[in-house]
> 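Shown below is the structure under consideration.
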Amino acid sequence: MRKVFILEFILAAHVVFCILIEMQSVIFPIQQKLVDLDNVGPVKKNSHANHNSYFDLFGFFGLCIWLILKYFFEGFRFNSLLIMAAYTFFFFDRALQFADKILCQVAAVLTILYIWTLISYPVYEFPKATGKYRTCYKKIKLHDTYQSDASVYYPCVDNKQEDIKYKWLPNNKFAKQLYEISVLQTKWVPSEWVFDIGLGFLNFINFTASVEQPLLKEELDVIIFSHGFSQHRNAYTALCQQLASEGYVVFSLQHYELVYPWDIKATKIYNTGNYPETIEKYQKIRSSHLKWRTEQVQQLINTLKSNQIKDVFFDFKPLSINLIGHSFGGATVLRVAQEVNVDSVIAYDPWLFPFTQEQMHKQVKSRTLILSKDKVRVKQECFDPKLLKDFLDFNTSIEHYKIKGLDHAYPVDLTYLIAAEMVLIGELRNDDNVFKINSLINSLTSKFLQQKLFSIEENKLFC
């Protein structure tokens, strides 16, 4: 289901009205003007000037009011820059009074583009979990070395309680992180303020879960989830809620590595200019971050096994401990599985660049599934597909499937929230199959955890 931003359409309607009134002499050169206050009522000497003054006040203050409301109640999207530019051109045209209304015509084109993006660039609601259990959400702080925050999605007792809304973004640093990772990997990136404006609406994205209730049972299977690079503990809410609705307690850890751990203007990691010393430096830094991540996961495993989790969560017994991660998180859970024996491990398109040569050649101790993309679309040394091939050569027991149409971004929640924008920047090939691919990942994950066979239809989607 699409999420509707009412104020976006009000902004569009306001500027369309202003442009139509301003351009009536161009649109209707022979016919009577749409609005001609000079010929209504008693003729006054300065009636036309008064009309222009009132019209300017209506346009300017109307703009200010709607933009303020948009900022405080919905937040801006990237397409909001179009309507801001349209207003700018419109008021410049009013001020400079060009005879052919050229700036007003530019404003009209920008407004049409804006309306088109409202239709073509949807923001989707997160899909409802389809499992048989009600799900709750709770944020906890672990007593580990890093004082880690974690989001817990868990099946709860159904007392016909109401659902409430929870904020999706845990902090206001997300736009900055996405800006920094873009600077890190891309030759040209717009200014940081563009990200601040364009991703402002994420501050108003919520997800629903039951008000806090007791755990469904005293003994439940546990999943520890490790998020991808530059993401956050709530960034996979759709997947985590689905797993919770199937009976799992999902601990989604917050990792704390910096996106840009050195001078942001001094180093870029992209294909042109990948100097060996730069890549070596980058690998060492990310390798240290991988160590921090694995320590967080290992300490949570120890907390669960020693029953110390009751200090910050409910007192329950884990029937099994499973690890799931995406991208850098996929590398994290694979690295943990090399040191600790858990029940199962699932890695979505793991980013193995932070692994040392020794770690690349070390066996995992657990039953493991890797789901990866079918095409490599980012030509950078730190995303070399040979890394995964080398890792699998030394881990022949791992189940590995390439999925047709899978891009590296799946299954992060952003594929629901900014799918069309991700297509524009090359993170997704298209936005037509967002629900289908995420649903496939959910199904494969659930079946692997339950040790069930994949269906014939699912096998046809493997390369």
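For this chain, numbers begin at 1 and follow the sequence in order.
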> Under 3.5 Å, is there a donor-acceptor pair linking the side chains of Q308 and T303?
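No.
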> Would one find more than 12 heavy atoms of other residues, nucleotides or ligands at under 6.0 Å from atom NZ of K173?
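Not buried by this count: 12 neighbours or fewer within 6.0 Å.
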> I'd like to know whether CD of E218 has more than 12 heavy-atom contacts from other residues, nucleotides or ligands below 6.0 angstrom.
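Check fails, neighbour count at 12 or below.
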> Taking atom types as modelled, is there a side-chain donor on D144 or Q296 under 3.5 Å from an acceptor on the other?
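No, because no side-chain N or O of D144 sits under 3.5 Å from a partner of the opposite role on Q296.
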> Answer yes if the side chains of D163 and T208 hold a donor-acceptor pair under 3.5 Å, and no otherwise.
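D163 vs T208: no donor-acceptor pair found between side chains.
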> Look at atom NZ of K362 and say whether more than 12 heavy atoms of other residues, nucleotides or ligands are closer to it than 6.0 Å.
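Yes, because the 6.0 Å sphere around NZ of K362 holds more than 12 heavy atoms from other groups.
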> Measure centre to centre between the rings of F204 and F5, then say whether the value is under 6.0 Å.
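That pair fails the under 6.0 Å test.
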> Output yes when a side-chain donor or acceptor of D158 lies under 3.5 Å from a complementary backbone atom of K160, and no otherwise.
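Here the side-chain-to-backbone pair exists.
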> Does the side chain of S372 pick up a donor-acceptor pair with the side chain of D349 at under 3.5 Å?
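No, D349 and S372 have no side-chain donor paired with an acceptor closer than 3.5 Å.
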> Will you find, in the side chains of Y256 and H289, an N or O donor that is under 3.5 Å from an N or O acceptor?
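No pair is found: no donor N or O on one side chain lies under 3.5 Å from an acceptor on the other.
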> If we ignore angles and hydrogens, is there a donor and acceptor under 3.5 Å between the side chains of S397 and N395?
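No.
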> Using the test salt bridge (charged side-chain N to carboxylate O under 4.0 Å, His left out), find all partners of K436 that sit at least two apart in sequence or belong to another chain.
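Partners of K436 by the salt bridge (charged side-chain N to carboxylate O under 4.0 Å, His left out) criterion come out as none, since no residue qualifies.
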> Between D343 and S366, is any side-chain donor less than 3.5 angstrom from a side-chain acceptor?
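On atom types as modelled, these side chains do not qualify, holding no pair under 3.5 Å.
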> Can you tell me if N159 uses its side chain to pair, donor with acceptor, with the backbone of Q161 under 3.5 Å?
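It does not hold such a pair.
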> State yes or no: are the ring centers of F78 and Y121 separated by less than 6.0 Å?
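Centroid separation for F78 and Y121: 6.0 Å or greater.
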> For the side chain of Q242 and the backbone of C240, is there at least one donor-acceptor N/O pair under 3.5 Å apart?
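Between the backbone of C240 and the side chain of Q242 there is no qualifying donor-acceptor contact (under 3.5 Å).
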> Please report the closest heavy-atom contact between E8 and L118, naming both atoms and the distance.
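For E8 versus L118, the nearest heavy atoms are OE1-CD2, 3.1 Å.
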> Tell me which donor-acceptor pairs under 3.5 Å the side chains of residues 229-237 have, and how far apart each pair is, sequence neighbours excluded?
| unit_1 | atom_1 | unit_2 | atom_2 | d |
| --- | --- | --- | --- | --- |
| H232 | ND1 | N234 | N | 3.1 |
| H232 | ND1 | A235 | N | 3.3 |
| R233 | NH1 | Y137 | OH | 3.1 |
| R233 | NH1 | S151 | OG | 2.7 |
| N234 | OD1 | Y137 | OH | 3.1 |
| N234 | OD1 | S151 | OG | 2.6 |
| N234 | OD1 | Y153 | OH | 3.4 |
| N234 | ND2 | Y137 | OH | 3.3 |
| N234 | ND2 | W168 | O | 3.1 |
| Y236 | OH | G228 | N | 3.1 |
| Y236 | OH | H326 | ND1 | 2.6 |
| T237 | OG1 | Y153 | OH | 2.8 |
| T237 | OG1 | N234 | O | 2.7 |

> Compute whether any side-chain donor of one residue and acceptor of the other, for Q241 and S245, lie under 3.5 angstrom apart.
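The criterion, which ignores hydrogens and geometry beyond distance, is not satisfied for S245 and Q241.
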> Are Y154 and F313 close enough that their ring centers fall under 6.0 Å?
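Here the rings of F313 and Y154 have centres that are less than 6.0 Å from each other.
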> Does a side chain donor of either S306 or N302 reach within less than 3.5 Å of an acceptor in the other side chain?
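On atom types as modelled, these side chains do not qualify, holding no pair under 3.5 Å.
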> Counting C-beta onward and ignoring hydrogens, is there a side-chain heavy-atom pair between L243 and N442 closer than 4.5 Å?
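A side-chain contact is absent here, since even the closest heavy-atom pair is not under 4.5 Å.
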> State whether a side-chain donor-acceptor pair under 3.5 Å links E458 with S443.
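Side-chain D/A pair, E458 to S443: present.
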> Verify, without hydrogens or angle tests, whether S210 (side chain) and T135 (backbone) share a donor-acceptor contact under 3.5 angstrom.
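Such a contact is absent between S210 side chain and T135 backbone.
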> If the test is ring-ring contact (aromatic ring centres under 6.0 Å, His included), which one of F435, F207, Y410, Y124 qualifies with Y416?
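For Y416, the ring-ring contact (aromatic ring centres under 6.0 Å, His included) check succeeds only for F435.
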> Looking only at the side chains, is there a donor atom on one of H227 and S252 sitting less than 3.5 Å from an acceptor on the other?
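Note: H227 and S252 side chains miss the donor-acceptor criterion.
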> Would a 4.5 Å heavy-atom cut-off, applied to side chains only, mark L11 and K70 as touching?
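In contact.
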